[in-house]
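Proteins come first, then strands; the chains are lettered A, B, ... in the order of their sequence lines, and each starts at number 1.
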Amino acid sequence: MEVGCAGGLEELCPVCGDRVSGYHYGLLTCESCKGFFKRTVQNNKSYACVENQRCRVDKTQRRRCPFCRFQKCLYVGMRLEAVRSDRMRGGRNRFGPLYKRDRAMKQQRRALIQARFPPLTPTAPQGGPPSAGGFPCPPPSDRSPPAAGLLLDPHTELVLTVPGVSRLVLGGAAPPLERGGFSRMFSGVEQLLCALVGWARTSIFFRQLKVGDQMRLLQGCWCELLVQDVVSRLLLQGRGGGSLDLLPGPEVELSDMVSLAGPALVSLTQRGAELLDSLSFLEVDPQEFTCIKLLILFNPDVRDLEDPGFVAGVQQQVAGVLRESPLRPGSPQDPGRFPRLLRGLSELRGVSRQVEEVLCCRQLRGEVPGNSLLSEMLQAGGAAGV
DNA sequence: TGTCAAGGCCAT
DNA sequence: ATGGCCTTGACA
Ligand SMILES: [Zn+2]
Ligand SMILES: [Zn+2]
């Protein structure tokens, strides 16, 4: 458990809460989680959880369930790529600059905080906000414009470029499925998933949840977020140009697709096309897409939430913004628009279920690498019965 | 040349 | 299998 060294950083390991010993595989962690992550990835170990993937991982219980420990490692952002397959020692990797920036950021923030509050600052993020009433910044009193501004986080406009995902998820399968096709898509999905987790964690409401609830929400909606992200990117990029060239997939004939990928992907492709059609007709704008993303994330129906009331509260607020937001400055509010958007959302959920099914099949065929975020998400979803 | 994250070692 | 401590080595 680490011999105590005075002074040093007062930072805690995001996985188990033990003392941090430096940057390891992408972020500050303790020595034991560093070793655990290394062993797991190097030896390609896979664990099973005898509970429901919800075990507490802290300094005293971290050895009890390696599955949940590793799941948390991935969740907090430890990077598989930082484990060297050639086992080369020493030197620096491509995360060096990231560590440097992170250090600078922390120091800057520390200085700022100390300047403001000389003696105080125990750095309290929040315990558990009660329910509906406890929103810190925006009392729902104000009218729509400021509320919208507070709800939308700055990462909204982040555009992720993930080659291959849009075509494979919504546009059917690329022909060379057997060699490289899926693994290319997998890596795209993995990156996107990682980015989506990062996006969620920038949300101020999301950060007020306990980590357990954060994970439960993401395990419940990762695939919907994935689909939504791809859809919104296609629509926002495609507007202005010819619409939706990507859709049937320029390279693959429908008949080829049936023989190559089976009917499941074809029906998925068609549903995806329908979804894109209806949303493109609605001309959903980026702000609305962000609201939809938040509605997807804050789903109070997810099982076993510790604080479903808070999640429901956020959901209602976001829905309110979406319902009342003044759309284009010129056009009047259309009272029928909000229901149509919700209808689109439920279509999206249907597509998501099919995508998840396809990915799940891939996993059963052993095509999804273990030790991946995608694999963890699929396992959690399957175990929960969704 | 010092730094410090990667991998290795080995008592527990 | 775990985790505290050791060695390595690209980069500044
Ligand atoms: Zn730890
Ligand atoms: Zn567990």
message: Determine whether a donor-acceptor pair (N or O, by modelled atom type, separation under 3.5 Å) exists between the side chain of Arg216(A) and the backbone of Asp304(A).
response: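 A pair under 3.5 Å: yes.
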field: Gln53(A) backbone acceptor or donor facing Gln71(A) side chain under 3.5 Å
entry: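 Side chain of Gln71(A) to backbone of Gln53(A), a donor-acceptor pair under 3.5 Å: yes, one is there.
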- request: Might you point out which heavy atoms bring Cys33(A) and Met78(A) nearest each other, and give the distance in Å?
  value: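 Looks like O-CE, 3.9 Å.
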- prompt: Taking the inter-plane angle between the rings of Tyr25(A) and Phe37(A) on a 0 to 90° scale, is it parallel (under 30°), tilted (30 to 60°) or perpendicular (over 60°)?
  reply: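 Tyr25(A) vs Phe37(A) ring planes: tilted.
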field: Aromatic plane relationship, Phe205(A) with Phe298(A) - under 30° parallel, 30 to 60° tilted, over 60° perpendicular
entry: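 Rings of Phe298(A) and Phe205(A): perpendicular, over 60°.
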- request: Only counting residues at least two apart or in another chain, list the ones meeting ring-ring contact (aromatic ring centres under 6.0 Å, His included) with Tyr99(A).
  value: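 Applying ring-ring contact (aromatic ring centres under 6.0 Å, His included) to Tyr99(A) gives Tyr23(A).
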task: Using a cut-off of strictly less than 4.0 Å between a heavy atom of the residue and any atom of DNA chain C, enumerate the qualifying residues of residues 68-80 of chain A by number.
output: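 Per residue number, the list reads Arg69(A).
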Integer-rounded Å distance: [N] [atom2] and [X] [atom1]:
X	N	atom1	atom2	answer
Asp102(A)	dA5(B)	CG	C1'	14 Å
Lys100(A)	dA5(B)	NZ	P	13 Å
Arg19(A)	dC5(C)	CZ	P	12 Å

Nearest-nucleotide comparison on DNA chain C, the residue closer to the 5′ end among Arg92(A) and Tyr47(A):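 Taking each residue's closest nucleotide, the earlier one in sequence belongs to Tyr47(A).
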- prompt: Does Lys100(A) NZ have over 12 foreign heavy atoms under 6.0 Å away?
  reply: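 Open: at most 12 neighbouring heavy atoms sit under 6.0 Å from NZ of Lys100(A).
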task: Please state whether the phosphate of dA1(C), meaning OP1 or OP2, lies under 4.0 angstrom from any side-chain nitrogen or oxygen of Lys45(A).
output: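 The answer is yes; a side-chain N or O of Lys45(A) sits under 4.0 Å from OP1 or OP2.
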query: Can you give one letter per nucleotide of nucleotides 6-12 of chain B, 5' to 3': B if a protein heavy atom sits under 4.0 Å from the base, S if only from the sugar-phosphate, - if neither?
result: BBB----
- prompt: So does Glu356(A) pair up with Arg353(A), basic N to acidic O under 4.0 Å?
  reply: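 Arg353(A) and Glu356(A): not salt-bridged.
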